[in-house]
Amino acid sequence: MTDIPPPINQHSQKFLDQVRAFIRVRGLSYATEKTYFHWIRRFILFHRYQQRNQICAHDIPAFLDHLVLQANVAPSTQKTALNALIFLCREYLHLNTEKLAFKRAAPKVRLPVVFSHQEAMAVIQHIPQPYQLAAQMMYSSGLRVSEALRLRVQDIDFTRSALTVRSGKGDKDRQSLLPKSLHQALSRQIQIVEQRHQLDLANGFGEVYLPFALAKKYPSAAKSTGWQFLFSAPKLSTDPRSGRKMRHHLSARHIQRQVKMAINTAGIYKKAGCHTFRHSFATRLLEAGTDLRTIQELLGHADLSTTQIYTHVAGTHDSGVTSPIDESISDTLPPFTLK
């Protein structure tokens with residue numbers, strides 16, 4: 001249950017515990033909480049602060065310069081660290097964070113790695129169930145691995161061939177496609193979840209983790225079938241908050257490992273992983289003529305410019321441009337004749 005926020009001692013005098021509590025009160029996602037906590041802790045260790053009142057916003061540039069010049073981090077990493085430290089100084093400590101001068105990491109344009117349709121299907125073919133179905137969902141619906149694994153039974157809408165992603169990146173809900181070709185496999189998966197859930201209930205268990213204190217607001221929801229994870233784990237695990245045994249979803253590390261093994265088995269040498277299915281989903285839609293605005297909504301991008309990166313990798317093989325070496329080869333090779 002690595003994606004469930006552990007309880008925080010509200011009376012703790014430790015500075016980092018107080019910062020973590022403040023982040024949680026502000027309603028940021030647990031993933032953001034962990035990221036911010038990491039960079040705030042590194043910032044404090046870098047400057048060797050001993051007291052809260054020693055923290056100074058004007059020390060941020062020195063740390064960011066260190067990340068670029070010594071740690072050689074990517075621009076996105078430096079930006080994430082900056083966001084965390086601005087949050088710490090401006091939002092929590094109420095310090096002035098204007099006019100910070102630091103060396104920005106040089107921006108680098110990186111095109112997303114994508115599978116061809118044949119490559120994607122070859123990889124999926126070598127993934128065992130239930131991880132195979134999760135990979136099919138990532139490719140067919142453009143889901144992040146965490147979004148696929150956090151799907152609940154009630155998020156699947158067979159009638160409309162749609163699925164709902166709840167609390168995605170940026171804590172936003174959205175809907176995406178649910179291919180009809182997966183209806184039968186998803187129905188079987190839901191039957192497995194139902195059977196597993198009935199067995200849990202018979203053994204005195206059957207609860208599932210609910211976010212945002214929904215378990216208190218709706219006491220019976222935690223044991224309902226609709227709230228069960230679509231890709232439920234084969235074993236019960238302990239909720240770090242309550243200490244009760246619950247049925248969580250499959251581990252992201254496990255499916256990432258299975259996808260990596262399948263990529264190797266399929267003989268694909270691209271630097272690919274679970275997220276490559278999401279990139280491939282967007283690229284296939286662009287090649288099919290889907291407009292960028294629709295793809296942006298399906299992917300849940302806040303900014304259209306993020307979606308536009310796929311225009312650089314979509315359809316280049318269909319542009320009609322021929323390499324000059326292909327023309328020269330066709331001109332110089334002797335005709336092939338049967339003797």
Side-chain angles (χ1 to χ4, degrees), residues 109-151 155-158 161-165 168-169 174-190 230-231 249-301 306-319:
V109 178
R110 294 286 185 264
L111 295 180
V113 176
V114 299
F115 292 129
S116 68
H117 178 67
Q118 292 73 20
E119 289 173 334
M121 299 307 293
V123 172
I124 289 172
Q125 182 182 357
H126 290 95
I127 302 174
Q129 291 289 14
Y131 305 105
Q132 183 183 90
L133 182 56
Q136 288 174 311
M137 298 290 283
M138 287 186 280
Y139 180 44
S140 63
S141 306
L143 305 183
R144 301 174 178 90
V145 61
S146 60
E147 294 171 343
L149 295 181
R150 291 175 187 171
L151 286 172
D155 296 330
I156 305 301
D157 188 340
F158 290 113
S161 284
L163 60 84
T164 302
V165 177
K169 192 172 183 180
R174 73 178 192 277
Q175 287 198 329
S176 189
L177 310 175
L178 183 69
K180 294 181 179 179
S181 59
L182 293 184
H183 281 200
Q184 185 175 358
L186 286 168
S187 296
R188 288 197 301 266
Q189 180 63 24
I190 290 175
L230 179 64
F231 297 105
H249 58 66
L250 293 173
S251 168
R253 290 194 298 271
H254 290 169
I255 187 173
Q256 288 165 347
R257 188 180 304 118
Q258 292 292 339
V259 169
K260 283 291 186 183
M261 292 171 59
I263 291 172
N264 293 333
T265 304
I268 296 172
Y269 302 107
K270 296 178 178 179
K271 188 178 180 182
C274 287
H275 212 67
T276 310
F277 287 120
R278 178 173 161 88
H279 293 323
S280 304
F281 166 81
T283 304
R284 295 290 90 75
L285 291 187
L286 266 180
E287 291 174 339
T290 308
D291 64 276
L292 275 175
R293 186 69 181 88
T294 300
I295 298 174
Q296 178 191 6
E297 292 182 356
L298 293 173
L299 293 177
H301 287 161
T306 306
T307 316
Q308 287 175 333
I309 189 68
Y310 297 108
T311 62
H312 297 288
V313 295
T316 54
H317 59 284
D318 293 328
S319 61

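Every heavy atom of this structure was used, including side-chain atoms; hydrogens, water molecules and symmetry mates were not.
Nearest heavy-atom pair across Ser161 and Lys180 is OG-CG, 3.5 Å. Of all heavy-atom pairs spanning Gly142 and Leu299, the tightest one is O-CD2, 3.9 Å. Closest of all the heavy-atom pairs between Leu143 and Met137 is CG-O, 3.9 Å. What you find for Gln132 and Ile124 is that their closest heavy atoms are NE2-O, 3.0 Å. In plain terms, the two heavy atoms of Ala135 and Ile255 that are nearest each other are N-CD1, 4.3 Å. Minimum heavy-atom separation, Ile309 to Pro112: CG1-CD, 3.7 Å.
Residues forming a side chain to side chain donor-acceptor pair (under 3.5 Å) with Thr290 (at least two apart in sequence, or on another chain): none. When the ring pair (Phe, Tyr, Trp, His ring centres under 6.0 Å) test is applied to His183, the partners found at least two apart in sequence or on another chain are Phe158. Taking the side chain to side chain contact (heavy atoms under 4.5 Å, CB included) definition, one finds that Ser176 meets it with Ser141, Leu163, Phe281, Leu298, sequence neighbours left out. A search for ring pair (Phe, Tyr, Trp, His ring centres under 6.0 Å) contacts involving His279 returns His275, Tyr310, not counting sequence neighbours. Applying the salt bridge (charged side-chain N to carboxylate O under 4.0 Å, His left out) rule to Arg278 yields no partners; only residues at least two apart in sequence or on another chain are considered.
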Report task. Please report the C-alpha distance between Arg174 and Glu297 in whole Å, then the side-chain angles of each, then the deciding distance to 0.1 Å, and finally whether the side-chain contact (heavy atoms from CB on, under 4.5 Å) criterion is met. Result -> CA-CA 7 Å; Arg174 73 178 192 277; Glu297 292 182 356; over 6 Å; no
Requested in this report: Go through the steps for Arg293 and Gln296 under the test side-chain hydrogen bond (donor to acceptor under 3.5 Å, both in side chains), then give the verdict.
Outcome: CA-CA 5 Å; Arg293 186 69 181 88; Gln296 178 191 6; 3.2 Å; yes
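Between atom OH of residue Tyr131 and atom CE of residue Met261 there is a gap of 11.0 Å, rounded to the nearest 0.5 Å. Atoms CG and CD, on Leu182 and Gln136 in that order, are 5.0 Å from each other to the nearest 0.5 Å. The OG atom of Ser140 sits 13.5 Å away from the CZ atom of Arg284 when rounded to the nearest 0.5 Å. With values rounded to the nearest 0.5 angstrom, Arg257 atom CZ is found 11.0 Å from Cys274 atom SG. Rounding to the nearest 0.5 Å gives a distance of 7.5 Å between CD1 of Ile127 and CD1 of Ile263.
Gln129 contributes a side-chain N or O that, together with a main-chain N or O of Leu133, makes up a donor-acceptor pair within less than 3.5 Å. Remark: side-chain polar atoms of Gln189 are paired, donor with acceptor, to backbone N or O of Leu230 under 3.5 angstrom.
The side-chain hydrogen bond (donor to acceptor under 3.5 Å, both in side chains) contacts involving residues 260-271 comprise Glu119-Lys270, where partners must be two or more places apart or lie in separate chains.
Ring-plane geometry between Phe115 and Phe277 is classed as tilted, the angle between the planes lying from 30 to 60 degrees on a 0 to 90 degree scale.
With respect to Leu178, the side-chain contact (heavy atoms from CB on, under 4.5 Å) criterion is satisfied by exactly one of Asp157, Asp155, Leu186: Leu186.
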